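Note sheet for the following structure.
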Amino acid sequence: MASIEDSVDIPPNQTIYVNNLYEKISKKKLREHLYSLFSKYGQILEIEASKSLKMRGQAFIVFKDITSASNALREMNGFNFLDRPMKIQYSKNKSDAVSKLDGTYMEKKRQREENNEKKINIKKQDRKVTGGQKNKNGETLSVGNIPSNLQPRDLPPNKTLFVENLPDKCDPMMLEMLFSQFPGYKEVHMVESKKGIAFVEFQDESKSGLAMQSLQHFKVTQEKPMVISFAKQ
DNA sequence: AGCACA
């Protein structure tokens with residue numbers, strides 16, 4: 001039996017999912033209507049609608065912030081639009097429009113999974129080098145003998161990791177592929193002006209700690225092992 | 001009813 005509120009278990013999202021919409025109007029018209037109904041709740045980044053078999057009668061309205069989405073949901077759920085009460089829930093997924101803004105956007109979901117598998121294999125090779133006695137050049141890299149520039153900072157556990165010694169070409173996508181394979185991964189932050197460093201957030205400090213141990217001194221490129229510490233504060 | 005974005 002359908003519960004009174006199916007939306008209860010979906011966490012707030014800046015995108016709302018609208019359905020039970022009238023299906024016999026053009027996508028363009030639908031988006032225009034929705035825009036005029038919803039723009040009063042805040043800035044709309046995008047309205048996504050499709051007339052495909054699966055997607056007709058539904059739309060995704062992407063707001064700039066969650067508060068706008070929440071107000072829109074509360075006030076407009078059940079609103080009679082073109083003779084039908086619209087049903088509104090938070091979207092189950094993060095919209096690409098917002099991922100693009102926060103730097104976590106990736107071309108394709110599937111591509112991400114494939115890449116993750118490759119990275120795991122690369123990781124296994126590389127980690128042995130750091131943990132063992134020699135690297136490929138025959139230099140000694142024993143654990144107690146790490147060059148000071150590769151020494152992680154000694155800071156108390158934190159759910160956010162501070163990653164440094166990254167190559168300049170390293171971008172958020174690469175880091176996401178690497179870190180998102182660990183449980184509790186949330187997001188990567190990079191600052192354009194500060195090359196070579198990144199912050200990676202996890203659910204809590206045990207999750208971040210695990211990722212740190214696993215990826216410590218992982219080489220994104222042949223000569224640059226990343227150095228991972230807990231972030232300050 | 002149906003949760004996408006190339």
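Heavy atoms only: backbone and side chains are in, while hydrogens, waters and symmetry mates are out. Quick caveat: nothing in here was measured; it's all calculated off a predicted structure. Sequence lines set the chain letters: A, B, ... in the order given, protein chains first and strands last, and positions in each chain run from 1.
Between E164(A) and R153(A) there is a salt bridge, with a side-chain nitrogen of the basic residue lying less than 4.0 Å from a carboxylate oxygen of the acidic one. Using a 4.0 Å cut-off between charged side-chain N and carboxylate O, K94(A) and D102(A) make a salt bridge. A salt bridge does not link E223(A) with K219(A): every distance from a Lys NZ or Arg NE/NH1/NH2 to an Asp or Glu carboxylate oxygen is 4.0 Å or more.
The interatomic distance linking K87(A) (NZ) with dA1(B) (C1') rounds to 10 Å, in whole Å. Atom CG of N13(A) is separated from atom C1' of dC3(B) by 11 Å (rounded to the nearest Å). Atom CG of N19(A) and atom C1' of dA4(B) are 13 Å apart (whole Å). Following rounding to the nearest Å, K100(A) (NZ) and dA4(B) (C1') show an atom-to-atom distance of 12 Å. Regarding Y105(A), its OH atom lies at a distance of 11 Å from the C1' atom of dA4(B), rounded to whole Å. Rounded to an integer number of Å, the gap from CZ of R84(A) to C1' of dG2(B) is 12 Å. In this structure, the CZ atom of F60(A) is 6 Å from the P atom of dA4(B), given to the nearest Å. Whole-Å rounding puts the I47(A) CD1 to dC3(B) P distance at 19 Å.
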Hey, mind stepping through Y185(A) and Q203(A) against side chain to side chain donor-acceptor pair (under 3.5 Å) and telling me if it holds? CA-CA 6 Å; Y185(A) 168 83; Q203(A) 261 167 240; over 6 Å; no
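Contacts between residues 20-45 of chain A and DNA chain B, defined by a heavy-atom separation below 4.0 Å, involve N20(A), E23(A), listed by number.
Listed nucleotides dC5(B), dC3(B), dG2(B) differ in distance to M55(A); the shortest reach to its side chain belongs to dC3(B). With dC3(B), dC5(B), dG2(B) as the choices, the nucleotide that has an atom nearest any side-chain atom of S95(A) turns out to be dC5(B).
By the 30° and 60° cut-offs, the orientation of the rings of F179(A) relative to F202(A) is perpendicular.
In this structure S208(A) satisfies the side-chain hydrogen bond (donor to acceptor under 3.5 Å, both in side chains) test with no other residue, sequence neighbours excluded. Under the side-chain hydrogen bond (donor to acceptor under 3.5 Å, both in side chains) criterion, S91(A) pairs with no residue at all, not counting sequence neighbours.
Among the protein residues, S91(A) comes within range of the nucleic acid bases, having at least one heavy atom under 4.0 Å from a base atom.
Residue-to-nucleotide proximity on DNA chain B shows that, of K54(A) and A97(A), the 5′-proximal contact is made by K54(A).
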